[in-house]
Amino acid sequence: MSEGPPLAAPDGGEVALLLTPHSSPLVDSARWGGKDSFQNPRNARAPEVGRWQRRPCFMTNQVQRRLAVSVQPVPKQDPEARKRNFEETYLGFDLNAARIEASRCIQCPSAPCQEACPVHNDIPGAFALLELGDFQEAANKFRETSNLPEMCGRLCPQEKLCEGACVVGFAIRPDGRSEPPVTIGKLEAFCTDAQRRDLGGYPLPRYMPEPSGRNVAVVGAGPAGLAVAEQVALQGHACTVFEYWPEPGGVLVYGIPNFKMRKSIVDEYLAHLEALGVKFVCNTYVGRDVTIDDLLTGEFDAVFVGTGAGVGNEMQIEGEQLHGVHSATDFLVRGNLRPEQLPEHLRAPLAQPHNVVVIGGGDTSMDCVRTAIRLGAEKVTCVYRRTEAEMLGRGEERKNAREEGVEFAMLTLPTRIIGDDQGNVTAVELQKMELGEPDASGRRAPRPIKGSEYVVPADTVAIAIGYGADPIVPQTTAGLKTDRKALVQIDDYGRTSRPGVFAGGDNVNGADLVVTALADGRRAAEAICAYLETVPPRRVR
């Protein structure tokens with residue numbers, strides 16, 4: 001039995017942990033749940049692990065032990081090997097390394113990581129379970145608040161969200177050394193992957209709900225739409241998801257390369273939704289093939305619009321229409337997917353790239369440059385008009401790109417794309433830039449340096465300078481309010497100006513994160529279910 005110096009509880013008392021012979025000093029922890037009580041929700045399933053008592057002692061020494069544990073490296077493919085395949089770059093933790101890394105969490109009562117997460121995952125709770133080796137319950141803890149934890153664990157910019165708020169990353173240690181924050185994203189992916197391997201798929205509810213007789217249409221099979229589909233299905237409502245692409249998944253399939261997330265994860269999740277009764281109707285362009293009004297006057301009681309932001313921005317410079325110049329989406333889907341997964345007009349294979357220029361500085365541009373490397377390009381250059389400090393994408397993606405041989409031309413702006421007599425791109429004219437005063441985004445605005453133009457050879461150009469929303473749904477839906485960028489206006493619950501129509505994700509926020517779309521979808525699903533309670537049932541599955 002061990003004790004530590006006292007720690008004051010919120011009510012002014014003192015709290016102590018009494019460790020039993022079966023407990024680990026790097027596991028037992030808790031957060032206070034109220035003024036007059038102290039709860040231990042982390043170990044609720046395993047009371048033998050430790051017991052909380054009001055005694056004048058606590059675990060300051062245990063916090064120091066946790067802070068002394070060094071970050072566990074995440075294995076990943078060697079750059080030379082991974083350049084020749086499309087497999088995931090990161091190989092992930094094994095159970096032992098995952099338990100050690102989870103033990104670095106100091107279980108701070110305020111849980112700033114949880115507050116920084118858009119879906120407010122109980123990260124300390126999951127890690128207390130994972131630290132015990134219980135990856136099944138750790139995964140379930142993530143699934144309490146997230147429909148897509150294995151995907152968010154791979155795709156979220158954790159350094160700006162949960163990991164950016166992690167106390168471990170800026171704690172002062174007695175020896176003066178610093179350590180990175182807990183590797184939250186990779187642990188989230190590990191425990192949910194391990195659970196699916198153990199179960200043979202996604203966990204299903206023990207009991208399926210009774211059919212409600214109500215029917216929901218979801219427009220768009222991306223993160224927001226899939227979250228809505230799962231949440232309403234779990235409440236007994238029938239749900240049909242309409243998708244423009246030949247396969248469901250949205251950006252998870254058609255925007256994320258395999259080397260960041262293997263497609264089998266999405267396939268398993270879609271099979272899970274189908275097991276819940278969700279139906280998918282693909283190759284359907286809502287607003288052209290069928291309208292929102294058609295859905296509402298037909299068999300559906302409510303509609304969720306989650307069409308994302310898939311319209312690529314253009315440079316508006318000379319030569320942008322030359323052969324070999326691609327939007328980011330065009331380049332990525334043709335470079336990463338099989339022809340049968342694409343619409344007819346995108347099934348022609350890409351020409352073999354040799355000199356590739358990718359314009360842009362976000363995560364999509366990193367997807368493009370790393371795809372170009374894997375397609376066999378000899379030289380790949382990322383052109384960005386600001387400095388790396390102003391880049392909005394993930395630092396780890398730029399690091400991976402550099403390891404794979406990508407070159408970066410910072411403070412550089414394309415001024416025109418040059419072609420030959422057959423209309424094929426042959427070069428890009430670039431101009432050097434310098435930073436001036438901050439613009440509306442808060443970043444210093446680039447301005448050209450006169451006389452600094454130069455030309456680089458290129459046979460392939462990918463333009464990755466952001467995305468906008470498709471205006472077709474607002475244009476074909478009377479009474480649906482949008483802003484000038486065709487972004488749908490909603491209230492705090494995802495309700496639009498049209499009764500029975502809800503929205504969320506990038507077609508509301510502009511191009512954003514998978515996790516913010518997921519959060520929107522979960523919030524809208526709750527509002528949809530409340531709305532359906534006011535609608536008389538008109539059919540039974």
Start with the C-alpha gap between Asn258 and Glu87, add the side-chain angles, then the distance that decides, and say whether side-chain hydrogen bond (donor to acceptor under 3.5 Å, both in side chains) holds.
-> CA-CA 6 Å; Asn258 291 323; Glu87 301 301 316; over 6 Å; no

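Across Lys160, Arg370, Lys186, Lys260, a single residue satisfies salt bridge (Lys or Arg N to Asp or Glu O under 4.0 Å) together with Glu396, and that is Lys186.
Looking at Arg334 and Asp330, a side-chain N of the basic residue comes within less than 4.0 Å of a carboxylate O on the acidic one, giving a salt bridge. Residues Asp363 and Arg398 are not paired through a salt bridge, judged by the lack of any N-O separation under 4.0 Å between the basic side chain and the carboxylate. Under 4.0 Å is where a charged nitrogen must lie from a carboxylate oxygen, and between Glu137 and Arg143 no such pair does. Glu268 has no carboxylate O lying under 4.0 Å from a charged side-chain N of Arg262, or vice versa, which leaves the two without a salt bridge. A salt bridge links Arg498 and Asp293; the closest N-O separation between the charged side-chain nitrogens and carboxylate oxygens is under 4.0 Å. Between Arg154 and Glu188, none of the side-chain N atoms (NZ, or NE/NH1/NH2) sits under 4.0 Å from a carboxylate O, so this pair counts as no salt bridge.
Between Val218 and Ala229, the closest heavy-atom pair is CG2-N, 4.4 Å.
Between Thr477 and Val501 the shortest side-chain heavy-atom distance does not fall below 4.5 Å.
Ring-plane geometry between Tyr531 and Phe502 is classed as perpendicular, the angle between the planes exceeding 60 degrees on a 0 to 90 degree scale with a lower cut at 30.
A cation-pi arrangement is found for Arg374 relative to Phe259, the charged atom lying closer than 6.0 Å to the ring centre and inside a 45° cone about the ring normal.
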